[in-house]
Amino acid sequence: MSTTAELLKGAAELFPDEVVTQAHVRHFDLPMGAGRFALITLDNGLDHTKPTTFGPASLANLNTAIDQVEKEAADGGIVGVGITGKPFIFAVGADLKGVELLTRHEDALAIGKGGHEVFKRLSKLAVPTFAYYNGAAMGGGVEVGLHCAYRTVSAAIPAFSLPEVFLGLVPGWGGCALLPNLIGADKAVSVIIENSLNQNKQLKGEQVYELGIADAIFEGADFLEQSLIWTAAVLKGEIVVERPAIDRGEAWDQAVARGRFVADSKVHGAAPAAYRALDIIAAAKDGDLQRGYDAEDQALADLIMGGELRAGIYSFNLVQKRGKRPAGAPDKNLARPVTKVGVVGAGLMASQLALLFLRRLEVPVVLTDIDQERVDKGVGYVHAEIDKLLGKGRINQDKANRLKALVTGVLDKAEGFSNADFVIEAVFEEIGVKQQVFAEVEAVAPAHAILATNTSSLSVSEMASKLKHPERVVGFHFFNPVAILPLLEIVRGEKTDDASLATAFAVAKKLKKTAVLTKDAPAFVVNRILTRFMGEIQNVIDEGTPVEVAEKAIEPLGLPMSPLVLLELVGPAIGLHVSETLNRAFPDRFTVSPNLAAVVKAGKRGFYVYDSGKPELDPEVAALLKQGDSVLTEEQVRARVLDAVAQEIGLMLDEGVVAEAQDIDLCLITGAGWPFHLGGITPYLDREGVSERVNGKRFLAAGVASVPA
């Protein structure tokens, strides 16, 4: 048994639930008389929608396949070796289910070495090797192809990436060392660092080819056939693959510096993965691949044993599993069909909602408002957005015409909603206004129609309290921008019935949103936590801490933006309104900042100006601020803010606002863009000891989003 085989056999015992990938070898004669060829196909035996992954047993199977083709290559029995995946999926990398079970650094190191030892063999065969990216390829799936001499890619690939930094790892099976040596450091930094930290941005097939990762691109319908014809031409010398020279001078250093700037702007030094990856890219400048592989092994092992990776896997599982099977959702068979949607309001938020319902449900959507000008503006917004999709090639002319025909606007609610199955309001955030709107809708909508509110903080039960049928009212709270943020808080009022709730969840699924069921409690989940979070920042500023100190104190969390920049995005007036709502509900914990009130009264849109190209405190805002003389350090501010958040989450769980802490984290990840490496927030609070300091216990059991004991 080879050393590699022994290494993998030992590691396999640590992955008891691995879905094992097979590596099938088949032989055939290439076109144009190019000779006998061996093709390795990766397949885990599951249906074509299930991803193929690499755990120790899977790597061992690939290693055995390489044993076979290595002998054939040495004996002159084959002229080349290719590797591809089952239909639609090439491979998506390491088996994360097994990785999160590892408890020893040496075991984590063995996983890194095992992957390297197998993949490196492809580059050492006596014949040329080819990777055929026929479907989704991520992480180790990308890296196994980088070890080959040539690569082709399908134009139909929907997702291609090295997402490790997003999860708290580095591309550890050759990605950090090989990719910059293939396409140059700057492009590699974009793929490994920038795309990962940009919410795990995926590449399409055309982009993979344009970056130079693949040497040829073919349409999906006959991708493998065309790839083999191309392979034959390469082997016969009829096609010579020429790659641009790699700039190993100042450009390489500038690329790494750019990567550090991107990492700093995204995680502010709070998560180590991006910086470890950049260190390896920097060291790969001299082309010493083995030194790069060794550095990848060490980084991989260190990060696997760190909290950020465990939190990253936890976040990934929340989004991919819990987010698709919402806790507490009623029987889906109770859901009623929705064949027409009504939208009360035609402002920006209402228009965004109309566009989303139109695109996802493809049913008639009708907007209403108080005058024709507003209605026309709302319908015009939807039409303009459809035209943008057409211009980008996202839809064809026929579909654009069909969608435009489905959206209309009327002034008369009876005319618009008499046959609607689902009506959502997006009007001014005042309880009396919303109660009046629902009374008007109830009078004209069918008895089965769902009445949904997009309120961000008001009571759904109170909104429904004056209706004859309050059981059909649900909270349907979207997050702005509607087209981008996945979260949809579905709020069950005191009298909401199961059929209405089931219909709401069915609609959410068609809208491709991550739905989380919440109790009808003030501000629900995200806004309640963010308001407590930002409220403490505002409190310390009001008490005397300089704005820049309060803002900088939060940087170690690596949030997507600072609290006051977030306030600017939300809008100070909306932030003030939500804080007033929560102050009425919980006056002992939620304050109303007099300085924020002054900023809103002055009509300021935020605390900052950007005349210099970066945020600086607006002198006019600075003149409005009235501060005390209590000045805190960054550490004191951070501790105070985290303690407040931990307390609020503990109270929300005690109140049953959501089923579990996992739902809190899922909401913050998908509704507020909080990073995967925090795990939302509760794993971070557990890891930093805040949970026990404030609440006397962890939010999550030991081993959940943390290294098992």
Side-chain angles (χ1 to χ4, degrees), residues 90 92-93 119 123 130-133 136-155 157-167 169-218 241-267 273-289 291-293 295-296 299:
F90 183 80
V92 298
F119 289 0
S123 64
F130 299 78
Y132 307 130
Y133 292 123
M138 301 174 196
V142 171
E143 290 171 300
V144 69
L146 294 179
H147 285 270
C148 294
Y150 304 97
R151 286 155 297 281
T152 65
V153 67
S154 167
I157 280 188
F160 184 104
S161 66
L162 290 170
E164 288 84 353
V165 167
F166 180 66
L167 294 172
L169 282 176
V170 299
W173 285 340
C176 289
L178 287 169
L179 192 62
N181 279 287
L182 174 67
I183 63 174
D186 194 62
K187 292 179 180 178
V189 163
S190 293
V191 175
I192 296 170
I193 306 298
E194 192 168 20
N195 287 0
S196 288
L197 294 180
N198 187 19
Q199 293 297 306
N200 193 22
K201 178 183 177 182
Q202 300 293 312
L203 299 171
K204 307 294 186 185
E206 186 69 33
Q207 294 168 304
V208 174
Y209 174 65
E210 289 174 353
L211 283 167
I213 299 173
D215 302 304
I217 183 169
F218 302 108
V241 174
E242 296 182 356
R243 299 184 181 123
I246 302 300
D247 188 335
R248 300 183 184 279
E250 187 178 349
W252 193 291
D253 299 331
Q254 290 174 344
V256 173
R258 182 177 72 84
R260 295 192 191 282
F261 176 80
V262 170
D264 286 343
S265 66
K266 292 290 187 179
V267 300
Y275 302 96
R276 293 295 293 268
L278 287 164
D279 288 343
I280 301 169
I281 294 172
K285 181 178 178 180
D286 62 3
D288 186 341
L289 294 179
R291 190 172 70 170
Y293 299 157
E296 287 176 346

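All residue numbers refer to positions in the sequence shown, counting from 1. Below, all heavy atoms of this structure are taken into account, side chains as well, without hydrogens, waters or symmetry copies.
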* To do: Under the side chain to side chain contact (heavy atoms under 4.5 Å, CB included) rule, collect the residues that match up with Lys201, sequence neighbours excluded.
  =>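 Only Asn195, Asn198 meet the side chain to side chain contact (heavy atoms under 4.5 Å, CB included) criterion with Lys201.
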
* **Results of side chain to side chain donor-acceptor pair (under 3.5 Å) for Glu242 - residues two or more places apart only** =>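 Partners of Glu242 by the side chain to side chain donor-acceptor pair (under 3.5 Å) criterion come out as none, since no residue qualifies.
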
* Asked: Between Phe90 and Ile157, is a side-chain contact (heavy atoms from CB on, under 4.5 Å) present by the stated rule, with each step listed?
  -> CA-CA 10 Å; Phe90 183 80; Ile157 280 188; over 6 Å; no

With side chains defined as the heavy atoms from C-beta onward, is the minimum distance between [X] and [Y] less than 4.5 Å?
| X | Y | result |
| --- | --- | --- |
| Val153 | Ile213 | no |
| Asn181 | Ile246 | no |
| Leu146 | Phe119 | no |
| Leu178 | Tyr293 | yes |
| Glu143 | Leu162 | yes |

Would you check if the side chain of [X] reaches a backbone N or O of [Y] as a donor-acceptor pair within less than 3.5 Å?
| X | Y | answer |
| --- | --- | --- |
| Trp173 | Gly139 | no |
| Ser161 | Ser196 | no |
| Glu296 | Ile280 | no |

* Between Arg151 and Val208, does a side-chain contact (heavy atoms from CB on, under 4.5 Å) hold up when you go through it step by step? -> CA-CA 10 Å; Arg151 286 155 297 281; Val208 174; over 6 Å; no

* To do: Could you tell me which residues satisfy salt bridge (Lys or Arg N to Asp or Glu O under 4.0 Å) with Asp253, sequence neighbours excluded, listed by chain and number?
  =>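 By the salt bridge (Lys or Arg N to Asp or Glu O under 4.0 Å) rule, Asp253 matches Lys285.
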
* To do: Go through the steps for Gln254 and Asp186 under the test side-chain contact (heavy atoms from CB on, under 4.5 Å), then give the verdict.
  => CA-CA 8 Å; Gln254 290 174 344; Asp186 194 62; over 6 Å; no

* To do: Verify side-chain contact (heavy atoms from CB on, under 4.5 Å) between Val142 and Phe160, making sure each step is shown before the conclusion.
  => CA-CA 7 Å; Val142 171; Phe160 184 104; 3.7 Å; yes

* To do: Pick out which of Lys266, Arg258, Lys187, Arg260 makes a salt bridge (charged side-chain N to carboxylate O under 4.0 Å, His left out) with Glu194.
  =>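 Result for salt bridge (charged side-chain N to carboxylate O under 4.0 Å, His left out) with Glu194: Arg258.
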
